Amino acid sequence: MLTLDVKNISKCFGKFQALSNVNLQVRQGEVHGFIGPNGAGKSTTIRVILGILQATEGQVTVFGMDAWRDKVEIHRKISYVPGDVNLWPNLTGGEVIDLFMKLQGTGDKTKRDELIRRFQLDPTKKCRTYSKGNRQKVALIAAFATEADLFILDEPTSGLDPLMEKVFHECVLEVKAAGKSVLLSSHILSEVEKLCDTVSIIRRGEIIQSGSMVELREQQRVNVSVVVAKEIKGLEAMAGVHEVAEFDGKIQFQLEPQAKADVMRILAAHEVIEIEIVPLPLEDLFMQHYAQGDGER
């Protein structure tokens, strides 16, 4: 069941096209990663989803409702956390959390208190005294204390230390286990790799690749480390083989999927003693796409 369905949306600001035919889907109980550098179009897409901006073309539906026309109703079932949280300076953190929960309408005070403990926030301090990380904690506590069905998180761990990032990861997995949906925009690729079921990569306002983590890896290179009994010559000249090097008696290289069968036949003919094949991390996949351009928009 689709929680969020973005269909062919484009957004122009005058003559400048910020988004071009963006398609993105988030299913119930799924964590979807949305990655790209600053200026690639992530935040513009999220503002269209939230009904803050109206798409020039295309349609966005959230819970089957139109994101622009039905945004008031939709917002009752959404929790949103931006990457740069601004709070009322003369209110305490606790007062702001309670206000956000009241506005959303489904807050749980017991859950709020538990989250305050887990995120190690002092809710009695005025917001003007908070660091960026503590302001971020206020927004995250307010979001996760609600019974929202869709969490839209735009660089949510900005300013958090590693311990608090771990707490955030736990919270995301908890709402996923409860059947909620999460759209997570993040620059921290290890975070996306750890939390997300599916990923969309955006560059210059266009989705350049989308799919499950398994599907993305199947389409990408792998790292191969092999020890053979007989010397191999000309491996670096083979199609689909990259960055061949030898270290401590092991031949190491990157291998494209379409070349696997041919390379494995060559290796087998040279008597494999030891072999290790490891998928490239998401960061390398990301950099392969952005090597084609800087991604700025």
Side-chain angles (χ1 to χ4, degrees), residues 23-27 29-37 40 42 157 162 165-166 168-170 172-173 176-177 182-204 206-295:
N23 289 276
L24 188 152
Q25 294 181 330
V26 182
R27 291 170 176 79
E30 177 180 84
V31 182
H32 187 92
F34 192 33
I35 60 177
K42 300 189 305 298
T157 56
E165 286 180 6
K166 183 175 183 295
F168 166 76
H169 294 171
E170 292 169 354
V172 169
L173 294 175
K176 175 187 172 182
V182 180
L183 177 63
L184 173 62
S185 169
S186 179
H187 279 112
I188 305 174
L189 299 181
S190 59
E191 181 173 80
V192 173
E193 195 163 25
K194 185 179 297 183
L195 295 175
C196 296
D197 306 296
T198 53
V199 175
S200 292
I201 302 175
I202 189 169
R203 184 182 70 198
R204 297 182 177 181
E206 298 181 6
I207 300 293
I208 56 174
Q209 191 161 8
S210 186
S212 71
M213 292 299 300
V214 172
E215 290 169 342
L216 292 183
R217 286 204 179 96
E218 285 176 349
Q219 299 170 26
Q220 301 305 317
R221 300 176 188 176
V222 293
N223 283 318
V224 179
S225 177
V226 62
V227 178
V228 291
K230 301 177 182 178
E231 182 182 0
I232 300 178
K233 294 182 179 179
L235 186 63
E236 63 277 2
M238 291 187 65
V241 177
H242 306 271
E243 301 184 25
V244 178
E246 189 166 350
F247 182 75
D248 283 348
K250 292 183 178 180
I251 302 170
Q252 299 175 339
F253 55 93
Q254 290 186 3
L255 180 62
E256 294 183 8
Q258 66 272 18
K260 286 181 181 177
D262 291 339
V263 170
M264 290 305 163
R265 279 194 291 268
I266 295 294
L267 295 179
H270 289 76
E271 298 181 16
V272 174
I273 298 171
E274 177 185 328
I275 188 168
E276 181 180 19
I277 301 174
V278 181
L280 289 178
L282 182 60
E283 183 173 0
D284 288 349
L285 163 60
F286 183 82
M287 293 309 297
Q288 282 181 35
H289 284 298
Y290 277 89
Q292 302 170 32
D294 60 15

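As the structure is a computational prediction, the values presented were derived from the model and not from experiment.
- Counting heavy atoms from C-beta outward, Asn223 and Phe253 have side chains that stay 4.5 Å or more apart.
- Contact of the Lys176 side chain with the Asp197 side chain is registered, since non-hydrogen atoms from C-beta on lie closer than 4.5 Å.
- Between atom CG of residue Leu267 and atom CD1 of residue Ile232 there is a gap of 5.0 Å, rounded to the nearest 0.5 Å.
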Test log, rule side-chain contact (heavy atoms from CB on, under 4.5 Å), inputs Phe34 and Ile207: CA-CA 10 Å; Phe34 192 33; Ile207 300 293; 3.8 Å; yes
side-chain contact (heavy atoms from CB on, under 4.5 Å) between Leu183 and Leu24, intermediate numbers included: CA-CA 10 Å; Leu183 177 63; Leu24 188 152; 4.1 Å; yes
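- Side-chain atoms of Gln25 and Glu30, non-hydrogen and from C-beta on, never get closer than 4.5 Å to each other.
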Leu255 vs Val241, side-chain contact (heavy atoms from CB on, under 4.5 Å): CA-CA, chis, key distance, verdict: CA-CA 5 Å; Leu255 180 62; Val241 177; 4.1 Å; yes
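- Rounding to the nearest 0.5 Å gives a distance of 11.5 Å between NZ of Lys194 and OG of Ser186.
- Taking a cutoff of 4.0 Å between a charged side-chain nitrogen and a carboxylate oxygen, Lys250 and Glu246 do not qualify as a salt bridge.
- Note: His169 NE2 to Glu191 CD = 3.5 Å, rounded to the nearest 0.5 Å.
- Of the inter-residue distances, the one linking His270 atom NE2 with Ile251 atom CD1 reads 8.5 Å to the nearest 0.5 angstrom.
- Atom CZ of Arg203 is separated from atom CD1 of Ile35 by 12.5 Å, given to the nearest 0.5 angstrom.
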Evaluation steps, side-chain contact (heavy atoms from CB on, under 4.5 Å), between Glu276 and Val224: CA-CA 6 Å; Glu276 181 180 19; Val224 179; over 6 Å; no
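- The two residues Val199 and Val192 make their nearest non-hydrogen contact at CG2-CG1, 3.9 Å.
- The two residues Gly240 and Ala259 have their closest heavy-atom pair at CA-CB, 3.9 Å.
- A side chain to side chain donor-acceptor pair (under 3.5 Å) with His242 is found for one member of Gln254, Glu256, Glu236 and no other, namely Glu256.
- Looking only at side-chain heavy atoms (C-beta outward), Met264 and Val272 stay at 4.5 Å or farther from each other.
- If you take NE2 on His32 and OG on Ser185, they are separated by 10.5 Å, rounding to the nearest 0.5 Å.
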